[in-house]
There are 2 protein chains.
Amino acid sequence: MIPRIPVSVDLVVLTVRSQQLSALVWRRDRPPYEGRWALSGGFIKLEEDLPAAAARVLAERAGLPGAPVHLEQLQTYGYPDRDPRQRVVSVAYLGLAPDLPASTEAHMSWQPVAELTEMAFDHRRIMLDGVERARAKLEYTSLGAAFCPPEFTVAELRRVYEIVWGRPLDPRNFHRKVTKTEGFLVQTGRTTTRDGGRPAMLHRRGPAVLLHPPMLRI
Amino acid sequence: MIPRIPVSVDLVVLTVRSQQLSALVWRRDRPPYEGRWALSGGFIKLEEDLPAAAARVLAERAGLPGAPVHLEQLQTYGYPDRDPRQRVVSVAYLGLAPDLPASTEAHMSWQPVAELTEMAFDHRRIMLDGVERARAKLEYTSLGAAFCPPEFTVAELRRVYEIVWGRPLDPRNFHRKVTKTEGFLVQTGRTTTRDGGRPAMLHRRGPAVLLHPPMLRI
DNA sequence: TCAAAAGTGTTCCGTATACACCCATGC
DNA sequence: GCATGGGTGTATACGGAACACTTTTGA
């Protein structure tokens with residue numbers, strides 16, 4: 001009668017570290033695709049909501065329990081032979097994280113996106129879709145701050161944009177844009193000199209979600 | 001063991017007709033939600049790709065075989081009690097269609113989105129997500145033309161935008177924007193007077209997909 | 001004193017907006 | 001002729017790009 005199919009959740013967790021956009025992956029230690037990099041994932045339970053499953057995979061499989069990761073649904077992948085063992089429909093989630101230490105216990109590591117050319121299953125396709133979504137979202141939302149620690153300078157936020165978009169931005173115009181956009185940043189009142197030069201104001205993420213007008217990549 | 005779950009495809013097919021944004025729905029004739037409007041949907045087969053399942057549902061359940069409908073994946077809905085009979089994970093697809101006759105054979109009809117307040121399951125939530133996606137896509141893509149017949153005037157395209165966005169647009173500025181954007185429209189050389197007044201040039205959809213810079217709603 | 005980075009001011013330019021105006025048809 | 005809608009031209013405003021310049025620290 002009605003076909004029943006295993007449904008999984010796969011996570012594309014991205015961060016910016018060592019001047020590179022990187023993804024949280026693990027190296028498969030058994031067939032199929034033994035030795036290849038794979039996204040963290042898991043099957044959803046019978047009584048479990050999709051966002052709850054994504055949060056559980058983030059905590060248990062990706063080894064980031066309680067981490068401040070922005071999770072949003074990316075896309076669903078379901079062509080029949082994407083897993084050679086059995087048909088699996090996979091709901092991919094995109095996660096944007098600050099530069100957290102990867103869990104060695106969960107055998108996860110951060111790998112630069114540019115170097116992840118050989119991945120298991122269709123995970124490269126999924127990861128690239130996640131990267132493109134992240135690049136697009138930085139244009140019209142304030143989500144770039146999700147890549148930053150709780151307190152950050154405007155220059156640190158700018159370097160996030162530069163690395164995700166892969167092009168330099170004018171520091172002065174960028175500064176005006178993000179500080180003038182209502183609700184993007186909240187000043188803490190403290191300053192830091194960790195980037196050298198004149199002390200920079202520290203900020204937190206503000207309540208704004210959307211950017212009007214957007215900040216265009218090109 | 002790995003839980004196996006029925007996976008369905010639900011279609012939010014939208015069109016513009018009678019000056020209203022409308023969705024393709026049918027009235028349920030049996031419980032649950034008997035008498036309520038529902039989206040067309042169906043379970044995916046074991047060896048079937050997701051886009052193929054969406055195309056099959058469009059042809060067989062929605063009664064629009066071979067119609068020029070732009071289909072794209074919308075979002076996946078999977079909280080456990082969305083169907084009271086059994087758990088179903090549903091991959092929703094958004095379809096943008098010209099004003100085609102609804103299939104009476106398939107018991108489908110076009111209903112204005114504004115009047116679809118009481119729908120079966122979580123179909124109102126899904127439909128509203130589709131409407132919001134359509135509104136957003138008109139800003140930065142040339143997909144508005146998917147609501148038009150094969151040949152259309154600039155004014156007809158403008159009325160699509162006005163109805164989807166729910167606000168009037170300046171006819172002269174709109175005309176300049178869409179005709180100056182490379183690859184948005186292709187002139188056919190023919191004209192029509194079906195809108196009254198001076199004859200208007202007929203156009204086809206051009207090869208462009210993205211709009212740079214976008215056309216903002218506000 | 002100098003280098004480095006933060007932050008401000010200013011000029012220039014492209015695009016959106018608002019609207020005056022002309023064009024080509026039906027009645 | 002006149003109403004109706006199609007299409008062009010033009011002045012203004014706003015936001016982004018480019019860049020000169022000042023500020024504030026560490027070395």
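Quantities reported herein were computed from a predicted structural model and do not represent experimental measurements.
A:R198 contributes a side-chain N or O that forms a donor-acceptor pair with the base of C:dA6 under 3.5 Å.
OP1 or OP2 of D:dG6 lies within a sub-4.0 Å distance of a side-chain N or O belonging to B:R158. Residue B:R176 places no side-chain N or O under 4.0 Å from the OP1 or OP2 atom of C:dA16. Phosphate proximity of C:dT15 to B:K177: absent, as no side-chain N or O sits under 4.0 Å from OP1 or OP2. Using a 4.0 Å cut-off, no side-chain N or O of B:H175 falls inside it from OP1 or OP2 of D:dG6.
Rounded to an integer number of Å, the gap from CG of B:L157 to C1' of D:dG7 is 15 Å. In this structure, the CZ atom of B:F152 is 14 Å from the P atom of D:dG6, given to the nearest Å. Distance A:R194 CZ to C:dA4 C1': 17 Å, rounded to the nearest Å. In this structure, the CG atom of B:D170 is 12 Å from the C1' atom of D:dG7, given to the nearest Å. For A:F174 and C:dT8, the CZ to C1' distance is 17 Å, given to the nearest whole Å. If you measure from atom CD1 of A:I218 to atom P of C:dG14, you get 18 Å, rounded to the nearest angstrom. Rounded to whole Å, the distance from NE2 on B:H212 to P on D:dG16 is 16 Å. We find that CG of B:L169 is positioned 14 Å from C1' of C:dA18, with the value rounded to whole Å.
More than 12 non-hydrogen atoms from other residues, nucleotides or ligands lie less than 6.0 angstrom from CZ of A:R205.
Map B:T153 and A:P214 each onto its nearest nucleotide of DNA chain D; the residue landing nearer the 5' end is B:T153. Remark on DNA chain C: of its neighbouring residues B:T193 and B:P213, the 5'-side contact belongs to B:P213, judged by nearest-heavy-atom nucleotide.
Using the six-membered ring where Trp is involved, A:F121 and A:H123 have ring planes that are tilted, between 30° and 60° apart.
Contact check on B:D129 versus B:R125 returns a salt bridge, with a Lys/Arg side-chain nitrogen under 4.0 Å from an Asp/Glu carboxylate oxygen. The pair B:R28-B:E34 fails the salt-bridge criterion, with no side-chain N (NZ, NE, NH1 or NH2) lying under 4.0 Å from an Asp/Glu carboxylate O.
Of the candidate nucleotides C:dA6, D:dG5, C:dT8, C:dT8 has the atom lying nearest to any side-chain atom of A:R172. Proximity note for A:N173 (side chain, C-beta onward) versus D:dA18, D:dT23, C:dC19: the nearest is D:dA18. Out of D:dT25, C:dG7, C:dA6, the shortest distance to the side chain of A:P199 is found at D:dT25.
The residue from B:V25, B:L11, B:V57 that alone fulfils the side-chain contact (heavy atoms from CB on, under 4.5 Å) condition with B:L39 is B:V25.
When heavy atoms are screened at a 4.0 angstrom cut-off, B:D195 is found touching the sugar-phosphate backbone but no base atom. Residue-level contact check: A:M201 touches the backbone only, with heavy atoms under 4.0 Å from sugar-phosphate atoms and none from bases.
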